[in-house]
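Have a look at the structure below, then the notes.
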Amino acid sequence: MNNLFNKLINLLNNEFKKFDLDEAIKLNLSKMPEFDMQINNLVKYNKSDFFSSLQKNIIEIIDSTNYFLPVEKNEIGFLNLVFNHDNLIKDITNKKSDFEINNREKIIFDYGGPNIGKPLHVGHMRTLNIGRSLYNIHSFIGNNVVSDIHLGDWGMPIAQIITYLENQSVDINALDSDQLEIIYPKASEQYKISENFKIRAQEINKLLNDNDAELLKIWESIKNISKKSLEENFSLLNHSFDYWLGESDVNELIPEMIESLYKNKKIIDDSGALISAEDTDPKILITKSDGSYLYITTDLATILYRQNNIGYDKTLYIVDNRQSLHFQQLFDSIKFFEFNNLHHEHISYGTLNDSDGNPFKTRDGGTKPLSELFEETQNYIKNINSDLEKSTIKQLTNSVLTFSDLITNRKTDYKFDLEKFTNVNGKTGIYVQYAQVRAKKLQQSIPQQKNEIENLVLSDIDKQLLSQLFMFGYFLEQSFLLNEPHHLANYLYDISNSFNQFYEHEKLSEIENSIHLSSKLYLVNLFLTTSQNVMFCLGIKPVEKM
RNA sequence: GCUCUCGUAGCUCAAAUGGAUAGAGCAACAGACUUCUAAUCUGUAGGUUAUAGGUUCGAGUCCUAUCGAGAGCGCCA
């Protein structure tokens, strides 16, 4: 990457390598007010014979950039750095092209995973937000990205719905998505309580696996109704997918896959079912005893489908952490079955609860549709300002739903507190939008100066903002290496907060000195570029005014 | 029963993969608006990082035990 932060890191890491050190240098923002940055991980080598030459070389590299005042070394071996902001501001741009990586990869993002027949509900929010953000982050740094919604359009849930329709003699042609969404829980209930229903549903499931023509017709109309409803929801929530492949799309690959695995003794009989021959605990069940397929069966076939039809270097599955055993078994099996040696990773996330810490439910105890949460959020925003344009309200609502979700580390369970997340202050989607709108207004209302960036006049607050803008590369790297968007979400709050301080500290419209004004406007532009790039990475659309 | 994850300020969460004095936001309290939109900003207070040991120059982070919470454990997805 070509930005100042990562270029410096690369130089320093090369120096580490020269000394055969198998770790990366850590260049951090300083906690001490008199310094801007610090390097801590030289300390551990302070008893080694190469320490003084390593330290000397590191200091020389930093000094040679001219972005820092002469480095101060502490007696134990910590290095303390102070920016030379006048030089820094001349070279920092934070454009997209500054962050593009050299070794590009093709990455499939498997997320969303809605089931047909069920509405999108609150439980889908995290996979959608995290998935879209990671997709955008990897796109931003130049990777070749592909999203696949991995539609749950196969298996027992569908069989249950069809069984229910059959029992009640429902006319498929008159069915709409609302009715379908009411039917699913009823069908699921019947499956649990009625033995006859259960037997028929399992029969239908098997027939579907075997491509029964009549049933496939019914299945297809259910799928179309559902898909239309999903598309409407995604349009509202600003989601889109490159592929809408479903579990059904790989159905035809399964018989051959099973046969081949069986022939090669990779899977074996176990009381009628087929299990992996790999010695694992628990055993990995590949097909049921009636020969029908499971979650892992279609997931395995999906791997074959993707390697043959899409091609990839990596696949990231953005799925909640309760399914970690499934993915461990899936990834084990990919290797054991010798499908490929590509990188597959479960990007797990914690449970989303309501503000009391309980699972999200509607008042009558059902799962809460995402559209209902959208409505509620929208109402909060209308209460803050009733004069907003319709499109602005929509974008602010999405900002709240996205930013609130991404601010927390994806691995932890968290409480979704709408009242808190729609606050105009604090770490909220509204706050970060407001800062960005303020910057836009300045850009529009104050005539741009010629880019005079010699002899700048920078206050402490200007310097703080500039220092933080320098760190974009660091937080971006954290986010894509760990596939954790919250680093960028917190960073967006931090730069927005610094910008608001900058804004309050001195009125640009009252500055008469042109060089002074020029440096201020330069920072406004730099903030706006950075903020909008971070927003893109998070999947948030900047609003024009609010 | 077995396996995994977690326990940080009143509340919600961070903490660079072992670094210096554990940071933010909310809530509380005290301030700043004839405004480039105060949808903001400034300040105060709040901690034995569940507990007890251990590893080392150095631990919220690694190891062990205890207590507490959550999740998963073949014919659902």
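In what follows, every chain begins at residue 1, and chains take the letters A, B, ... in the order their sequences are listed.
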When all nucleic acid strands are considered with a 4.0 Å heavy-atom cut-off, which category describes A/Asn74: base, sugar-phosphate, or nothing? base

Classify the ring geometry of A/Phe472 against A/Tyr491: parallel below 30°, tilted from 30° to 60°, perpendicular beyond 60°. parallel

Heavy atoms only, 4.0 Å cut-off, all strands: where does A/Asn423 land among base, sugar-phosphate and nothing? sugar-phosphate

Any side-chain N or O of A/Asn41 less than 4.0 Å from the OP1 or OP2 oxygen of B/rU17? no

Mind checking who B/rC2 pairs with, Watson-Crick or G-U wobble, both distances under 3.5 Å? B/rG72

Would you classify A/His326 as touching base, sugar-phosphate or nothing, given that sugar-phosphate means primed atoms plus P, OP1 and OP2, and contacts are heavy atoms under 4.0 Å? nothing

How would you label the contact of A/Gln328 with the nucleic acid (heavy atoms, under 4.0 Å): base, sugar-phosphate, or nothing? nothing

Report which part of the nucleic acid A/Asn500 touches: base, sugar-phosphate, or nothing (heavy-atom distance under 4.0 Å, all strands). sugar-phosphate

For A/Ile286, answer base if it contacts any base atom (sugar-phosphate contacts may also be present), sugar-phosphate if it contacts only those atoms, and nothing otherwise; contact means non-hydrogen atoms under 4.0 Å. nothing

What contact category does A/Leu294 fall into here, base, sugar-phosphate, or nothing, at under 4.0 angstrom with non-hydrogen atoms? sugar-phosphate

B/rU42 OP1/OP2 closer than 4.0 Å to side-chain N/O of A/His505: no

Quick check on B/rA77: is either OP1 or OP2 less than 4.0 Å from any side-chain nitrogen or oxygen of A/Lys118? no

If you take atom types as modelled and just measure distance, does the side chain of A/Ser289 reach the base of B/rC75 with a donor-acceptor pair under 3.5 Å? yes

Return no unless some side-chain N or O of A/Gln501 is found under 4.0 Å from OP1 or OP2 of B/rU40. no

Matching residue for A/Asp405 among A/Arg126, A/Arg410, A/Lys415 - test: salt bridge (Lys or Arg N to Asp or Glu O under 4.0 Å): A/Arg126

Please tell me whether A/Glu504 and A/Gln501 have a donor and an acceptor in their side chains that are separated by less than 3.5 angstrom. no

Does A/Asn80 reach a base, just sugar-phosphate, or nothing at all? Heavy atoms under 4.0 Å. base

Side-chain N or O of A/Lys26 versus OP1/OP2 of B/rA16: is the shortest distance under 4.0 Å? no

With A/Lys427 as the cation and A/Tyr493 as the aromatic partner, state whether NZ or CZ is under 6.0 Å from the six-membered ring centre and within 45° of the axis. yes

Checking base pairs now: Watson-Crick or wobble, both atom distances under 3.5 Å. What partners B/rG58? none

Anti or syn, where syn is a glycosidic angle within 90° of 0; which label fits B/rU44? anti

Over all strands shown, is A/Gln38 touching base, sugar-phosphate only, or nothing at heavy-atom distances under 4.0 angstrom? base

With a non-hydrogen cut-off below 4.0 angstrom, is A/His487 in contact with a base, only sugar-phosphate, or nothing? sugar-phosphate

Comparing A/Asn497 and A/Leu442 on RNA chain B - which has the more 5′ nearest nucleotide: A/Leu442

Which class fits the ring pair A/Phe68 and A/Phe83: parallel under 30°, tilted 30 to 60°, perpendicular over 60°? parallel

Out of A/Gln323, A/Glu247, A/Gln329, which one pairs with A/Tyr295 under the side-chain hydrogen bond (donor to acceptor under 3.5 Å, both in side chains) rule? A/Gln323

Base, sugar-phosphate or nothing for A/Asn321? Non-hydrogen atoms, less than 4.0 Å. nothing

Heavy atoms only, 4.0 Å cut-off, all strands: where does A/Thr412 land among base, sugar-phosphate and nothing? sugar-phosphate

Looking at every strand, decide which applies to A/Asp494 at a 4.0 Å heavy-atom threshold: base, sugar-phosphate, or nothing. nothing

Once you apply a heavy-atom cut-off of 4.0 Å, does A/Tyr431 come out as touching a base, just sugar-phosphate, or nothing? sugar-phosphate

Nearest nucleotide by nearest heavy atom, which residue falls closer to the 5' end of RNA chain B, A/Ser445 or A/Tyr434? A/Ser445

